[in-house]
Amino acid sequence: MPISAARMKLYPGGSTMRDLMPWALVAQRLDEVLSAAELAAITALSDLVDPRRDPLFWERIVARVLGGETTPHQCGWDVEIEGIRVEVKFATGFDCNFANGARRVFKFASLLGAGAFPKSCDVIVLIGYDDPEVFCWVAPYSEMRSRTVTLSHPGGRVEPLGSKAIARFDRYGSSLTQLLPDVCRAYRDLGAAWDRPHRAVSASLTRRLRAGQPDLFAAERRP
């Protein structure tokens, strides 16, 4: 079980793996969330079609871990839990050539939806599968700024030990067994992100009223 941040403060002299390698993620295997019978069924099916390469498989895995329900096809999100709308995106690892050499990556597509079916979720869960390893990222949907995102395979990423290099998605690293608390955290962060513009407008309005200026936004707020 992970040590809480509050408890870690009691040991200022200690260092965690996240301190040494802030971009590192712990790989998990499916046997941590599936039964032996389910794994045997997947193995038997893999000669014909591998369920682990089907996005619907991972939607159901996430729904099971979260204790939520999957949604109908073409809904704006994939899993719902206590009113939290969760989108699940899946990608398999592959080798990609870059200017500084080849490395293994996961490429996630259609993050903003497509055509008449835009996404309207609160939290997004990215699942990277590279047999037999599973990697997860959980982020508030407000972080999705493009239709695609490419993430380096944590096992093939090379950084000097102790490097503080942080990519945008590094802080959203999760795992299958940590999905529930991380989805709740991302939902909280989403609320905070949406609340900032509202707070800014309210503060500006308060300053104008205190200065005796007219309320310029009265007409916009009128029903």
Side-chain angles (χ1 to χ4, degrees), residues 25-94 106-151 154 169 172-191 193-194:
L25 281 182
V26 175
Q28 288 192 287
R29 300 167 66 99
L30 277 176
D31 56 14
E32 298 183 47
V33 293
L34 296 181
S35 67
E38 289 170 327
L39 289 171
I42 289 173
T43 302
L45 285 171
S46 296
D47 292 336
L48 300 174
V49 57
D50 191 347
R52 294 164 293 188
R53 299 183 181 276
D54 183 351
L56 292 177
F57 172 81
W58 295 102
E59 290 175 16
R60 294 187 175 99
I61 290 290
V62 171
R64 172 188 292 190
V65 173
L66 295 179
E69 296 181 352
T70 55
T71 60
H73 181 54
Q74 294 181 342
C75 181
W77 59 95
D78 297 319
V79 176
E80 185 165 337
I81 168 177
E82 299 293 333
I84 301 177
R85 302 168 299 180
V86 181
E87 175 71 8
V88 180
K89 286 299 181 182
F90 160 73
T92 55
F94 67 97
F106 301 105
K107 185 171 183 177
F108 301 92
S110 300
L111 299 180
L112 303 180
F117 304 102
K119 298 302 177 186
S120 53
C121 57
D122 302 312
V123 177
I124 190 162
V125 175
L126 306 179
I127 302 286
Y129 178 66
D130 197 22
D131 192 15
E133 297 177 322
V134 183
F135 298 94
C136 302
W137 293 264
V138 179
Y141 194 62
S142 57
E143 282 294 300
M144 299 300 106
R145 303 167 189 171
S146 61
R147 293 188 177 276
T148 65
V149 64
T150 301
L151 303 180
F169 274 86
Y172 298 121
S174 183
S175 64
L176 289 175
T177 51
Q178 282 291 111
L179 281 182
L180 182 56
D182 285 342
V183 164
C184 292
R185 170 202 43 86
Y187 184 65
R188 178 202 64 199
D189 292 347
L190 177 73
W194 282 358

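All figures in this text were calculated on a predicted structure; none of them were measured in a lab.
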At what distance, to the nearest 0.5 angstrom, does [atom1] of [X] lie from [atom2] of [Y]?
X    : Y    : atom1 : atom2 : answer
T177 : D182 : OG1   : CG    : 9.5 Å
L126 : F135 : CG    : CZ    : 13.5 Å
D131 : R29  : CG    : CZ    : 8.5 Å
L180 : S174 : CG    : OG    : 10.0 Å
C121 : I84  : SG    : CD1   : 12.0 Å
F108 : L151 : CZ    : CG    : 5.5 Å

Salt bridge (Lys or Arg N to Asp or Glu O under 4.0 Å) involving E143 - partner list, sequence neighbours excluded
R145, R168, R171
Identify, with sequence neighbours excluded, every residue that meets side-chain hydrogen bond (donor to acceptor under 3.5 Å, both in side chains) alongside [X].
X    : result
E80  : W77
D130 : R104, H153
D50  : R52

Going through the distances and angles, do V88 and V79 end up as a side-chain contact (heavy atoms from CB on, under 4.5 Å)?
CA-CA 8 Å; V88 180; V79 176; 4.2 Å; yes
Any heavy-atom pair between the side chains of [Y] and [X] that's under 4.5 Å?
X    : Y    : answer
C136 : L176 : yes
V62  : V183 : no
V86  : L66  : yes
T148 : L111 : no
T70  : D78  : no

Taking atom types as modelled and ignoring hydrogens, do the side chains of D189 and Y187 form a donor-acceptor contact shorter than 3.5 angstrom?
no
Given W137 and F106, is the side-chain contact (heavy atoms from CB on, under 4.5 Å) satisfied, shown in steps?
CA-CA 11 Å; W137 293 264; F106 301 105; 3.9 Å; yes
For residues 30-39, which residue pairs pass the side-chain hydrogen bond (donor to acceptor under 3.5 Å, both in side chains) check, not counting sequence neighbours?
Q28-E32, S35-E38, E38-R64
So which heavy atom on A186 is nearest to which on P140, and how close?
O-CB, 3.4 Å
Heavy-atom nearest pair, T71 first then C75, reads OG1-CB, 3.6 Å
Can L190 and V123 be said to form a side-chain contact (heavy atoms from CB on, under 4.5 Å), step by step?
CA-CA 8 Å; L190 177 73; V123 177; 5.6 Å; no
Restricting to ring-ring contact (aromatic ring centres under 6.0 Å, His included), what partner residues turn up for F90, sequence neighbours left out?
W58
Carboxylate-amine/guanidinium contact E87 R85, below 4.0 Å
no
Let me see the working for K89 and I124 under side-chain contact (heavy atoms from CB on, under 4.5 Å), right down to the final yes or no.
CA-CA 7 Å; K89 286 299 181 182; I124 190 162; 4.0 Å; yes
